[in-house]
Amino acid sequence: MALRIFPEDELVLDLLADMSGQVTESVRLLSELLGSPEIDVATLDAIRECEARSTDLYFSVMTTVRSTFVIPIPRQDVYILGHWLNQAAEELLAVGEAHVAYALTRPPSYATDQLAVIERMSELTTRAMRDLGSLQGLDDYWYEMLRLGKQAERIYQLHMSHLLEHHKAIPALRRERAVRRFVGAARALGRVSTEVGRIVVAES
């Protein structure tokens, strides 16, 4: 591996990990929202707060990048990682908003399956953000995220088929909005791992 000089303060990595943590918390709250037999506006507001914190953390990431002379990874990579982490939080909020706006109660098991995949992806990503300083274990992270991303795509296809088979046109279109944003969150986290893989290759 090429010689690198790391700063003692790796605040930018902690901020990225905190952004990923907001995705994990959004998943937990979204699980409560989808499992509620009634429209749960309070939980949706909590998901909105997670998304707002993610945006604030992204701003802090960019402020730190601009004010720190040396950071563990290139500045443009920090920007890209932050962008996709924030995108994942936005996608999960969109799922919650669709469920409340269209009163989409009792989603099929595919929704909880997708939540479980996204939760695992976000947990792995949180650890990976802190490991960027040493680049240790990131090959395994990238591979596992690749596997989980494929699993998310399979669930998405099955979920879409279920909608077409069990719902009329208008209800299916309403649920489709949530289903697409579900897989959008998984894809955003997948883009994070793709960027991490690129960083590992570039620094090897």
Side-chain angles (χ1 to χ4, degrees), residues 18-58 80-126 144-195:
D18 288 345
M19 289 185 69
S20 183
Q22 293 306 311
V23 176
T24 304
E25 179 64 9
S26 293
V27 170
R28 185 188 69 78
L29 291 166
L30 192 55
S31 179
E32 292 182 8
L33 182 68
L34 269 58
S36 175
E38 301 177 353
I39 301 303
D40 190 350
V41 177
T43 301
L44 177 60
D45 287 340
I47 299 173
R48 288 193 177 111
E49 291 175 5
C50 283
E51 192 276 333
R53 284 194 293 271
S54 175
T55 301
D56 290 343
L57 286 165
Y58 192 20
I80 294 170
L81 291 170
H83 167 76
W84 289 115
L85 287 169
N86 196 47
Q87 183 67 32
E90 291 178 357
E91 296 286 357
L92 291 173
L93 173 58
V95 174
E97 289 178 335
H99 272 265
V100 170
Y102 298 130
L104 304 179
T105 56
R106 298 179 181 176
S109 60
Y110 300 115
T112 53
D113 291 344
Q114 197 72 288
L115 273 176
V117 171
I118 296 170
E119 181 178 32
R120 179 59 177 159
M121 293 178 83
S122 66
E123 290 171 346
L124 290 171
T125 300
T126 299
E144 181 64 9
M145 290 289 284
L146 181 64
R147 186 189 68 79
L148 289 168
K150 291 180 179 180
Q151 185 176 348
E153 293 292 339
R154 287 194 296 271
I155 294 171
Y156 166 68
Q157 295 297 334
L158 291 170
H159 202 163
M160 290 295 292
S161 297
H162 177 87
L163 291 184
L164 295 175
E165 183 177 351
H166 292 88
H167 296 278
K168 294 182 180 180
I170 298 301
L173 285 173
R174 289 174 175 172
R175 290 180 179 273
E176 181 186 10
R177 176 186 172 188
V179 174
R180 289 188 182 278
R181 302 310 285 267
F182 250 137
V183 77
R187 288 169 178 170
L189 291 172
R191 293 295 294 269
V192 173
S193 65
T194 298
E195 183 65 13

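Counting begins at 1 with the first residue of the sequence. In this text the structure is predicted, and so the values were computed from the model without any measurement. Just so it is clear, the values below take in all heavy atoms, side chains as well, and ignore hydrogens, waters and symmetry mates.
The residues Glu119 and Arg28 are annotated as not salt-bridged, no charged nitrogen and carboxylate oxygen being separated by less than 4.0 angstrom. Between Glu144 and Arg147, at least one side-chain N (NZ, or NE/NH1/NH2) sits under 4.0 Å from a carboxylate O, which counts as a salt bridge. Using a 4.0 Å cut-off between charged nitrogen and carboxylate oxygen, Asp45 and Arg48 count as a salt-bridge pair.
For the atom pair Met145 CE and Leu124 CG, the distance stands at 6.5 Å (nearest 0.5 Å). Interatomic distance, CZ of Arg175 versus CG of Leu163, reported as 7.5 Å (0.5 Å rounding). Distance check: Glu38 CD to Leu33 CG gives 12.0 Å after rounding to the nearest 0.5 Å. To the nearest 0.5 angstrom, Leu173 atom CG is 14.0 Å from Lys168 atom NZ. Taking CE from Met121 and CZ from Arg187, the interatomic distance works out to 11.0 Å, rounded to the nearest 0.5 Å. For the atom pair OG1 (Thr55) and CD (Gln22), the distance works out to 10.0 Å, reported to the nearest 0.5 Å.
Side-chain contact between Leu93 and Leu44 is present, with at least one heavy-atom pair separated by less than 4.5 Å. Between His83 and Ile80 there is no side-chain heavy-atom pair separated by less than 4.5 Å.
Between Ser161 and Gln157, the side chains place no donor N or O within less than 3.5 Å of an acceptor N or O (distance only, hydrogens not considered). Counted by atom type alone, Glu90 and Asn86 present one or more donor-acceptor pairs between their side chains at under 3.5 Å.
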Under 3.5 Å, which donor-acceptor pairs link side chains of residues 107-115 to any protein atom two or more places apart or in another chain?
{"residue": "Thr112", "atom": "OG1", "partner": "Ser109", "partner atom": "O", "Å": "2.8"}
{"residue": "Gln114", "atom": "NE2", "partner": "Ala152", "partner atom": "O", "Å": "3.1"}

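Contact record, Thr126 with Gly21: OG1-N, 3.7 Å, taken as the closest heavy-atom pair. Scanning all heavy atoms of the two residues, the minimum distance from Val95 to Ala178 falls at CG2-O, 3.6 Å. Nearest heavy-atom pair across Leu92 and Val27 is CD1-CG2, 3.8 Å. Summarising the geometry of Met160 relative to Val179, their closest heavy-atom pair is SD-CG1, 3.8 Å, with the distance given to 0.1 Å. Here the closest heavy-atom approach between residue Ala88 and residue Val23 is recorded as CB-CG2, 4.0 Å.
Note: His159 and Phe182 have tilted aromatic rings, judged against thresholds of 30 and 60 degrees for the angle between ring planes.
Not one N or O on the side chain of Ser122 forms a donor-acceptor pair closer than 3.5 Å with the backbone of Ser20. A donor-acceptor pair under 3.5 Å is formed between the side chain of Thr194 and the backbone N or O of Gly190. Side-chain atoms of Ser36 do not come within 3.5 Å of backbone N or O of Glu32 as any donor-acceptor pair.
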Side chain to side chain contact (heavy atoms under 4.5 Å, CB included) between Glu195 and Val192: does it pass, once the steps are laid out? CA-CA 5 Å; Glu195 183 65 13; Val192 173; 5.9 Å; no
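Every residue two or more places apart in sequence or in another chain that forms a side chain to side chain contact (heavy atoms under 4.5 Å, CB included) with Glu91 is listed here: Gln87, Arg181, Ala185.
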